[in-house]
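Only a predicted model underlies this, so the values are computations on that prediction, with no experimental measurement involved.
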Amino acid sequence: VQLQASGGGLVQAGGSLTLSCVASGRTFSRNAVAWFRQAPGKEREFVAGINWSGDMIYYVDSVKGRFTISRDNPEGTVYLRMNSLKPEDTAVYYCAAGQYNYAVLPSKYNYWGQGTQVTVSS
């Protein structure tokens, strides 16, 4: 599975962005997919995850109610809709795919995209 993340950019606090993670490979539809983020000087942090069928979704507490993860398996794409963005959401966002549901550790994911920068100004 190869992943490519896109959709990042510069947005003011309170604004919205939608990230996309496009996958290639036959096994994508059977993988759980997650979004992680990494701010400068900080460890990579789990943000949101979704199982292969889309009926198991989980978020880190800090984004609940603001971010929505979804997937379109025929299109090979996972989305992260981010609303009410805050300066503390500024980070490089990565998508990752793996075989475990509810996995929040980066080590549980086998495939990674290249990252897309999200910057939220105050």
Do the side chains of T68 and Y59 get nearer than 4.5 Å, heavy atoms only? yes
State plainly whether one hydrophobic cluster holds both L17 and L10, where clusters connect Ile, Leu, Val, Met, Phe, Trp and Tyr through side-chain heavy atoms under 4.5 angstrom apart. no
Under 6.0 Å from the CH2 atom of W52, do we count more than 12 heavy atoms belonging to anything else shown? no
Does the side chain of Q38 come within less than 4.5 Å of Y94's, by heavy atoms? yes
How about Q114: does its CD atom have over 12 heavy atoms from other parts shown lying under 6.0 Å from it? yes
I'd like to know if the side chain of N83 pairs up with that of S16 as donor and acceptor (distance under 3.5 Å, no hydrogens or angles considered). yes
Would you check if V104 and F36 make a side-chain contact, meaning some heavy-atom pair closer than 4.5 Å? no
Heavy-atom closest pair (C95 atom, L3 atom, distance to 0.1 Å) is O-CD1, 3.7 Å
Over all heavy atoms of both residues, which pair between D89 and Y93 is shortest? Give the atoms and the distance, please. O-OH, 2.6 Å
Please identify each residue that fulfils side-chain hydrogen bond (donor to acceptor under 3.5 Å, both in side chains) with Q117, with sequence neighbours left out. T119
Is there side-chain contact between R71 and T77, with at least one heavy-atom pair below 4.5 Å? no
Less than 3.5 Å apart, any donor N or O on the side chain of S84 or R66 sitting next to an acceptor on the other? no
Less than 4.5 Å apart, any side-chain heavy atom of I50 and any of M56? no
Working note: K108 + Y102, criterion side chain to side chain contact (heavy atoms under 4.5 Å, CB included); need CA distance, chi angles, decisive distance, verdict. CA-CA 10 Å; K108 296 297 185 181; Y102 294 117; over 6 Å; no
Under 6.0 Å between ring centres: does that hold for F46 and W35? no
Rounded to the nearest 0.5 Å, what separation is found between the CZ atom of R37 and the CG atom of L19? 11.0 Å
Measure the shortest side-chain to side-chain distance between Q12 and V120 over non-hydrogen atoms and say whether it is less than 4.5 angstrom. no
With a cut-off of 6.0 Å (strictly less than), are more than 12 heavy atoms of other residues, nucleotides or ligands near OH of Y100? no
